[in-house]
Amino acid sequence: MTLELPHPTAPVVVHCPECDKPVIASAAGRVLEPDTDVWGPGDLVTLAQCTGCGRALVVTQGDGLEGRWSDPVRIYPPTGDQLSFSVPSKLRDECEEARRCFTSKAFTATAVMVRRVLEGLCLDQGATAKPLMNALKQLAADGKLDGRLLEWAQELRGLGNHGAHHTSVPVQRQDAHDALLLTEAILTYVYALPTQFEAFRRRRAGEPPLLPPPLTSIPGQQAPPTTATIPGDGPAPASQAHQTERGAAGTHRESGQIR
């Protein structure tokens, strides 16, 4: 499903660290990042300004439920507990929801959300075995989890099962807290560390860095001017790169010189 893009200056509601409360922030512009995972469109990134204190804010939104963008999540100023953007946006959103559950002291719901993250990880990595226990083993067999991380993931799966079924023993705060940290560590290992190591290796070897794919402009925003190379003259705006010459029949033909 294609998500409708908001107006480039439509305001957003986001937590301002200066005001220490949710605020209405005016948007200065938006960029739609390229689609880099299997979950749908890329993230929508908004540069905004708090209408209360004037603080600059950057927020991101992913593909939410029922054909709408997810709630804005502030990425600048950083909150100190954010996952790398190498992690697919849908998994980051799931982790953010797990954090909100934990902050609300819904520890059982936190455990269930952690299990959802593990299911999403397996789906994204192509591990389709059933049940989840076997899908995690498939990730290890494919070399995407080492033995220790597999042990962590299986314990987290067990905690999620405990949270998803009614028992007389609730999920404890410390267990929910540790589950969040371990889940984010697994996502960082699978998605962020390989990219970071490759950047480190290339830098050490003197190789050029990997460049990200080009950003996608949002309809309604002015695109940068196209350039055309004029021999011996360097790049020039395409609108200036053509001159017409009147031919013998009174028609015009293009030449490659600037007027």
Side-chain angles (χ1 to χ4, degrees), residues 14-15 17 20 37 39 43 59-60 62 64-65 70-197:
V14 63
H15 185 273
D20 195 23
D37 56 61
W39 297 100
D43 286 351
V59 302
T60 182
L65 299 176
S70 63
D71 292 336
V73 175
R74 193 185 81 232
I75 58 175
Y76 178 85
T79 63
D81 57 356
Q82 290 167 343
L83 287 169
S84 166
F85 274 87
S86 299
V87 179
S89 60
K90 188 66 175 181
L91 295 180
R92 293 202 313 272
D93 291 344
E94 298 276 3
C95 274
E96 181 63 28
E97 185 170 343
R99 291 193 200 107
R100 289 197 294 267
C101 290
F102 182 81
T103 302
S104 302
K105 299 183 179 180
F107 305 131
T108 299
T110 304
V112 175
M113 287 304 305
V114 162
R115 192 184 192 283
R116 281 177 57 90
V117 173
L118 294 178
E119 291 176 341
L121 167 65
C122 292
L123 176 63
D124 184 66
Q125 292 295 311
T128 57
K130 300 293 183 180
L132 178 57
M133 174 178 63
N134 292 335
L136 292 170
K137 290 180 180 179
Q138 183 180 345
L139 285 184
D142 293 341
K144 297 175 181 177
L145 289 180
D146 66 16
R148 178 172 294 181
L149 291 180
L150 175 61
E151 182 182 1
W152 293 3
Q154 295 291 20
E155 287 295 324
L156 294 172
R157 176 191 59 81
L159 181 67
N161 289 345
H162 175 74
H165 297 89
H166 178 72
T167 66
S168 59
V169 181
V171 174
Q172 300 298 311
R173 180 188 185 281
Q174 190 61 51
D175 289 343
H177 176 265
D178 291 347
L180 268 177
L181 294 181
L182 292 170
T183 300
E184 291 173 357
I186 290 173
L187 294 179
T188 299
Y189 175 88
V190 173
Y191 293 102
L193 292 185
T195 302
Q196 186 172 351
F197 172 76

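Just so it is clear, the model here is predicted, and its values are computed rather than measured.
Nearest heavy-atom pair, Ala98 versus Met113, reported as atom, atom and distance to 0.1 Å: CB-CB, 3.7 Å. Between Leu145 and Tyr189, the shortest heavy-atom distance links the atoms CA-CE2, 4.4 Å. Pro170 approaches Ser168 most closely through the heavy-atom pair CD-O, 3.6 Å. For Ala135 against Ala129, the heavy-atom pair with the smallest separation is CB-O, 3.3 Å. Val171 and Ala111 make their closest contact through CG2-CB, 4.1 Å (heavy atoms, listed as atom of the first residue, atom of the second, distance). In terms of heavy atoms, Ala192 sits closest to Ser86 at CA-CB, 3.9 Å.
Residues Glu94 and Glu119 form no side-chain contact, since every pair of their non-hydrogen atoms from C-beta on lies 4.5 Å or further apart. Contact check for Gln174 versus Phe107: no side-chain heavy atoms found under the 4.5 Å cut-off. For the pair Cys95 and Glu184, the minimum side-chain heavy-atom distance is below 4.5 Å. A 4.5 Å side-chain heavy-atom check between Ser70 and Glu96 finds every atom pair outside the cut-off. Ser84 is not listed as a side-chain neighbour of Thr188, based on a closest heavy-atom distance of 4.5 Å or more.
Taking CD1 of Ile75 as the start and OG1 of Thr60 as the end, the distance is 5.5 Å to the nearest 0.5 Å. The structure places CG of Asp175 at 11.0 Å from OG1 of Thr110, a figure rounded to the nearest 0.5 Å. Once rounded to the nearest 0.5 Å, the distance linking CG of Leu182 with CG of Leu187 reads 11.0 Å. Expressed to the nearest 0.5 Å, how far CG of Leu123 lies from CG of Leu118 amounts to 12.5 Å. Here Asp142 contributes atom CG and Lys137 contributes atom NZ; the two are 14.0 Å apart, rounded to the nearest 0.5 Å.
A side-chain donor-acceptor contact under 3.5 Å links Arg74 to the backbone of His15. Between the side chain of Lys144 and the backbone N or O of Gln125 there is at least one donor-acceptor pair closer than 3.5 Å.
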Please tabulate, one pair per line, all N/O donor-acceptor pairs under 3.5 Å involving side-chain atoms of residues 148-164, not counting sequence neighbours.
| from | atom 1 | to | atom 2 | distance (Å) |
| --- | --- | --- | --- | --- |
| Gln154 | OE1 | Arg157 | NE | 2.7 |
| Gln154 | NE2 | Met133 | O | 3.1 |
| Asn161 | OD1 | Arg115 | NE | 2.6 |
| Asn161 | OD1 | Arg115 | NH2 | 3.3 |
| His162 | NE2 | Val169 | O | 2.8 |

Leu139 and Leu121: side chain to side chain contact (heavy atoms under 4.5 Å, CB included), yes or no, with the steps? CA-CA 9 Å; Leu139 285 184; Leu121 167 65; 4.0 Å; yes

